[in-house]
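First up is the structure itself, then whatever we jot down about it.
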Amino acid sequence: VQLQASGGGVVQAGGSLRLSCAVSGGTFSNYAMGWFRQAPGKERDFVAAITWSGSSTKYADSVKGRFTISRDNVKNMVYLQMNSLKPEDTAVYYCAAGPPLRYVTGRYDYWGQGTQVTVSS
């Protein structure tokens, strides 16, 4: 299973970005999907997750109400719409995939390479 994240960039505070993650190999519609981020000098943190069907989502408190995770099981894609961005959202963002139970455990099996998001003040 391979994951390719894209869509990062530099944006001013208050702006928006949409990250995309293309998944190949395996059966995408069977996977729970997650987004994580890692800021310089910090541990990788959970951002958002979505079940295999898209029926349930969950978010870190720091992004709730600003970020939206979604998926397209036809295109084998997962997205992270990020609005009202803040400088503290600056990080490398990673997408992750795993069997359905990973939505609960957060311990995903497959990871993408990451895409840099920089929010300027």
Side-chain angles (χ1 to χ4, degrees):
V1 178
Q2 294 185 329
L3 290 76
Q4 180 74 41
S6 62
V10 180
V11 63
Q12 288 188 333
S16 298
L17 281 175
R18 188 175 85 151
L19 304 184
S20 300
C21 178
V23 180
S24 59
T27 304
F28 177 74
S29 59
N30 287 350
Y31 294 136
M33 298 295 301
W35 284 98
F36 292 75
R37 67 186 181 186
Q38 187 168 20
K42 296 188 177 181
E43 295 184 351
R44 187 166 57 191
D45 291 330
F46 167 77
V47 175
I50 188 167
T51 55
W52 64 272
S53 66
S55 61
S56 293
T57 58
K58 59 182 179 180
Y59 300 91
D61 288 343
S62 59
V63 307
K64 205 171 292 183
R66 300 188 298 122
F67 291 11
T68 302
I69 187 171
S70 62
R71 65 188 295 157
D72 185 329
N73 284 356
V74 174
K75 296 182 178 179
N76 289 5
M77 298 286 293
V78 64
Y79 306 100
L80 185 68
Q81 178 67 43
M82 306 186 295
N83 298 329
S84 302
L85 283 161
K86 305 175 181 180
E88 51 263 44
D89 295 318
T90 294
V92 177
Y93 283 71
Y94 299 89
C95 56
L101 190 60
R102 301 300 187 260
Y103 177 81
V104 176
T105 67
R107 296 180 178 272
Y108 291 86
D109 301 76
Y110 310 107
W111 293 84
Q113 86 291 355
T115 185
Q116 175 70 47
V117 172
T118 302
V119 184
S120 62
S121 57

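Sequence positions, counted from 1, serve as the residue numbers for this chain.
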Determine whether Trp35 and Phe67 satisfy the following criterion, side-chain contact (heavy atoms from CB on, under 4.5 Å), listing intermediate values before the conclusion. CA-CA 11 Å; Trp35 284 98; Phe67 291 11; over 6 Å; no
Are [Y] and [X] co-members of a hydrophobic cluster defined by side-chain heavy atoms under 4.5 Å apart?
X: Leu17; Y: Met33; answer: yes
X: Val10; Y: Val119; answer: no
X: Met82; Y: Phe46; answer: no
X: Tyr110; Y: Val23; answer: yes

Please determine whether the number of non-hydrogen atoms from other residues, nucleotides or ligands lying under 6.0 Å from atom CD of Glu88 exceeds 12.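 Buried by this count: over 12 neighbours within 6.0 Å.
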Within a radius of less than 6.0 Å around NZ of Lys64, do more than 12 heavy atoms belonging to other residues, nucleotides or ligands occur?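 Yes, NZ of Lys64 has more than 12 neighbouring heavy atoms, counting only those of other groups under 6.0 Å.
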If you take all heavy atoms of [X] and [Y], which pair is closest and at what distance?
X: Ser84; Y: Ser16; answer: N-OG, 4.3 Å
X: Thr68; Y: Tyr59; answer: CA-OH, 3.4 Å
X: Pro87; Y: Ser121; answer: CG-CB, 3.8 Å
X: Thr115; Y: Gly7; answer: OG1-N, 4.0 Å
X: Asp109; Y: Arg102; answer: OD1-NE, 2.8 Å
X: Ala96; Y: Tyr108; answer: CB-CB, 3.5 Å

Given Val92 and Phe36, is the side-chain contact (heavy atoms from CB on, under 4.5 Å) satisfied, shown in steps? CA-CA 8 Å; Val92 177; Phe36 292 75; over 6 Å; no
From OG (Ser70) to CG (Leu80), nearest 0.5 Å: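 Reported to 0.5 Å precision, the distance equals 8.5 Å.
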Spacing of Leu3 atom CG and Ser24 atom OG [to the nearest 0.5 Å]: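 The OG atom of Ser24 is 7.5 Å from CG of Leu3, to the nearest 0.5 Å.
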Per the side-chain hydrogen bond (donor to acceptor under 3.5 Å, both in side chains) rule, what does the pair list look like for residues 90-99, sequence neighbours excluded?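 Passing the test, one end in residues 90-99: Arg37-Tyr93.
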Which pairs, with at least one residue in residues 3-12 and sequence neighbours excluded, count as a side-chain hydrogen bond (donor to acceptor under 3.5 Å, both in side chains)?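 Sorted result for residues 3-12: empty, none.
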Val1 vs Tyr31, test: side-chain contact (heavy atoms from CB on, under 4.5 Å). Steps then yes/no. CA-CA 11 Å; Val1 178; Tyr31 294 136; 3.2 Å; yes
Can any side-chain N or O of [X] pair as donor or acceptor with the backbone N or O of [Y] at less than 3.5 Å?
X: Gln38; Y: Ala91; result: no
X: Tyr103; Y: Gly34; result: no
X: Thr51; Y: Ser56; result: yes

Take Gln81 and Tyr79 through the test side-chain contact (heavy atoms from CB on, under 4.5 Å) and record every step on the way to the result. CA-CA 6 Å; Gln81 178 67 43; Tyr79 306 100; over 6 Å; no
Could you name each residue pair satisfying salt bridge (charged side-chain N to carboxylate O under 4.0 Å, His left out) that touches residues 65-79, not counting sequence neighbours?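 Matches after skipping sequence neighbours: Arg66-Asp89.
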